[in-house]
Amino acid sequence: MKARLLAWSALLLCLLVVLSGCAVTSVPTAPAAEEMSEDMDDMSMWADVDPSGQTVTFWHQHSGSREEALQEIIAHFNDTNEYGITVEGSNQGSYGDIFSKMLNVIGTDDVPNLVVAYQNQSATYQLGDGLVDMNSLVSDPKWGLSEEEQSDFFSGFYNADIFPSFDNARLGFPPNRSMEVLYYNSDWLAELGHDGPPTTPEAFVELACRAVDEGFSGAIGDEGSLGYQFKFNASGIASFTFAFGGDIFDYENVAYTYDDPATVEAMSMVQGLFDDGCAGKLTERYGDQVSFANGKLLFFIGSSSGLPFVAAGVNDAAAFQWSVAPLPRRTEDPVMNVYGASVSMGRSTPEKELATWIFIKYYTSPESQAKWARASNYFPVRQSVADGLSEYFAQNPAYKTAFELLPYGTTEPPVPGYDFVRDRVEEVMAAIADGADVESSLAELTTEANEILADQ
């Protein structure tokens, strides 16, 4: 236990410079990429490995149209790769479902060859040495990526899966990213006398409360209107904290800080909206999107990856003008919560590991990335793909607005056990919405979160 504690403590200290409040497109170059390429110019530890005929299992969370697009990418790879590699992709439920399943199979023969994983989840898996360090594959002279190919990735996305405390091991590789944004009804705001989204908490509160009594003229249905619907999840409280100028984690002291004054102020604002009848709870999945599409909800906060679903919902319902924006903030510039699961490799055989890497290269190639970005509405991870999205930007202005906010990105803590903390955060957020004292609730949450961290 002590060894594990030292491992993640070192991880956090080393990641302070990389991940604490910096722009996601300006993270320093990964040390492993350049150093290892020099050492391996004349040798390859994978030179004699034959990936031919291998079957690769891939656990993911994608469903609906995204799963269809992913299966098309997988099918094309299976039909065209020259090694006869077969990838078998399967939906294993939500991120949480996958995390729970992985905890039961990590380090065993049942572990998938490829699995979606957030950085904190990868760190948890690696406490048991359960993942493959991809550095040797990325820099391999035969199988790896050229320097030009490596530099094509947005540096913040590309370097987020390198963990200094694990000897700069690359425990994941990024296929996509997204961010938390404020969705708003432009036409309704215009009726309220505003030509753009609120940038301050005060303006946000004022408009949310006015929306209750001054409903949207184009709304559908008999139910009353609301200014804001609150989703109980850890990314929501983190996003508000960032926007209010704080953080939920102290990287220097390696501790959660849910009692940060910024968090207290943000959650007090939310509680006030509930007390005044201007906000409601999200009681069913995607219920906020439905209310928004019907013109009954002025604001909601959600992932940029939901943009196509919101567009389809609005077009089929109240058909108004809408867009996205940064959350109301206390900071001069926006501070955006950028996140996204990478794909990690479970330990198996050299043959399966190489076959898995060959698929990862294909999955993150410009050709596949262009298809995946359009189909999933995630942000692409390669600059060459982004440069070719001008037509897509023109057709999807809200996507372009969100994409242009990427330089203001920061991240949630990539620490082992964060999944367990997130569960407790949801409970505390619900209690605050019901009237629990904000300061004492967040202080208790901070203590409990740090106890969970220590248990890792």
Side-chain angles (χ1 to χ4, degrees), residues 12 15-28 30 61 95 116-123 152-163 171-183 231 233-249 251 262-263 266 300-307 323-329 331-343 364 369 372-373 376-383 385-386 389 393 396 398-415 418-419 422 425:
L12 292 173
L15 283 178
L16 173 62
V17 174
V18 177
L19 294 173
S20 182
C22 62
V24 296
T25 54
S26 61
V27 177
Q61 87 293 352
Y95 290 114
V116 295
Y118 278 93
Q119 288 70 42
N120 59 286
Q121 295 171 336
S122 295
D152 187 34
F153 287 83
F154 288 109
S155 61
F157 300 164
Y158 183 72
N159 297 329
D161 295 299
I162 294 175
F163 293 79
L171 303 180
F173 207 82
N176 46 249
R177 289 293 185 266
S178 55
M179 71 167 66
E180 289 279 286
V181 291
L182 175 71
Y183 287 81
K231 184 184 301 181
N233 66 27
S235 291
I237 197 171
S239 299
F240 266 122
T241 300
F242 298 153
F244 276 59
D247 205 328
I248 61 171
F249 202 89
Y251 289 84
T263 314
F300 78 93
I301 294 170
S303 171
S304 59
S305 64
L307 284 165
S323 191
V324 297
L327 276 63
R329 61 187 186 273
T331 57
E332 181 178 355
D333 292 322
V335 184
M336 309 302 297
N337 186 3
V338 177
Y339 48 73
S342 294
V343 287
T364 59
Q369 277 280 290
W372 184 232
S376 67
N377 218 66
Y378 287 123
F379 298 131
V381 296
R382 298 186 71 146
Q383 299 175 66
V385 176
L389 288 176
F393 285 154
N396 300 272
Y399 181 91
K400 180 176 185 290
T401 297
F403 185 85
E404 290 174 345
L405 291 171
L406 282 174
Y408 301 104
T410 190
T411 61
E412 296 173 51
V415 297
Y418 184 44
D419 289 77
R422 292 176 66 91
V425 169

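Along the sequence shown, the residues carry numbers beginning at 1.
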- Task: Any chance you could lay out the side-chain hydrogen bond (donor to acceptor under 3.5 Å, both in side chains) test for R177 and S342, step after step, and finish with the verdict?
- Result: CA-CA 8 Å; R177 289 293 185 266; S342 294; 3.0 Å; yes

- Query: Is there side-chain contact between F157 and R382, with heavy atoms separated by less than 4.5 Å?
  - Reply: no

- Nearest-0.5 Å distance that lies between atom CG in L307 and atom OG in S323: 8.5 Å

- Query: What's the verdict on side-chain contact (heavy atoms from CB on, under 4.5 Å) for M336 and L406, showing C-alpha distance, side-chain angles and the deciding distance?
  - Reply: CA-CA 7 Å; M336 309 302 297; L406 282 174; over 6 Å; no

- Query: Are K231 and I301 close enough, and set up right, to give a side-chain contact (heavy atoms from CB on, under 4.5 Å), and what steps lead you there?
  - Reply: CA-CA 8 Å; K231 184 184 301 181; I301 294 170; over 6 Å; no

- Query: Got a second to check how far F173's CZ is from I162's CD1, nearest 0.5 Å?
  - Reply: 9.5 Å

- Message: For the CZ atom of F154 and the CZ atom of F379, what is their distance to the nearest 0.5 Å?
- Response: 10.0 Å

- Message: Looking at every heavy atom in both P413 and I248, which two are closest together, and how far apart are they?
- Response: CD-CD1, 3.7 Å

- Message: Please find the pair of heavy atoms, one from N337 and one from S239, that lie closest to each other, and give the distance.
- Response: ND2-OG, 3.1 Å

- For the student: nearest non-hydrogen atoms of Y183 and S303, plus distance: OH-O, 2.7 Å

- Message: If we ignore hydrogens and angles and just use 3.5 Å, is the side chain of N396 paired with the main-chain N or O of A398 as donor and acceptor?
- Response: no

- Query: Which heavy-atom pair separates N377 from S304 by the least distance, and what is that distance?
  - Reply: ND2-O, 3.6 Å

- Query: What's the verdict on side-chain contact (heavy atoms from CB on, under 4.5 Å) for F163 and Q119, showing C-alpha distance, side-chain angles and the deciding distance?
  - Reply: CA-CA 9 Å; F163 293 79; Q119 288 70 42; 4.1 Å; yes

- Message: Nearest 0.5 angstrom please: S178 OG to Y378 OH, how far?
- Response: 6.0 Å

- Between the CG atom in D152 and the OH atom in Y158, the distance rounded to the nearest 0.5 Å is 11.0 Å

- Task: Could you tell me if the ring centre of Y408 sits under 6.0 Å from that of F242?
- Result: no

- Message: If you define the side chain from C-beta out and look only at heavy atoms, does anything of R329 sit under 4.5 Å from V335?
- Response: no

- Message: For the CG atom of L327 and the CD atom of E180, what is their distance to the nearest 0.5 Å?
- Response: 7.5 Å

- Item | Distance-only polar pair, side chains of T263 and T241, donor-acceptor under 3.5 Å | yes

- Query: Looking only at heavy atoms, what is the nearest atom pair of P414 and Y251, with distance?
  - Reply: CD-OH, 3.8 Å

- Can you name the closest pair of heavy atoms from A373 and Y399 and give their distance? CB-OH, 4.4 Å

- After noting the C-alpha distance and the side-chain angles of V385 and W372, does the key distance pass the side-chain contact (heavy atoms from CB on, under 4.5 Å) rule? CA-CA 10 Å; V385 176; W372 184 232; over 6 Å; no

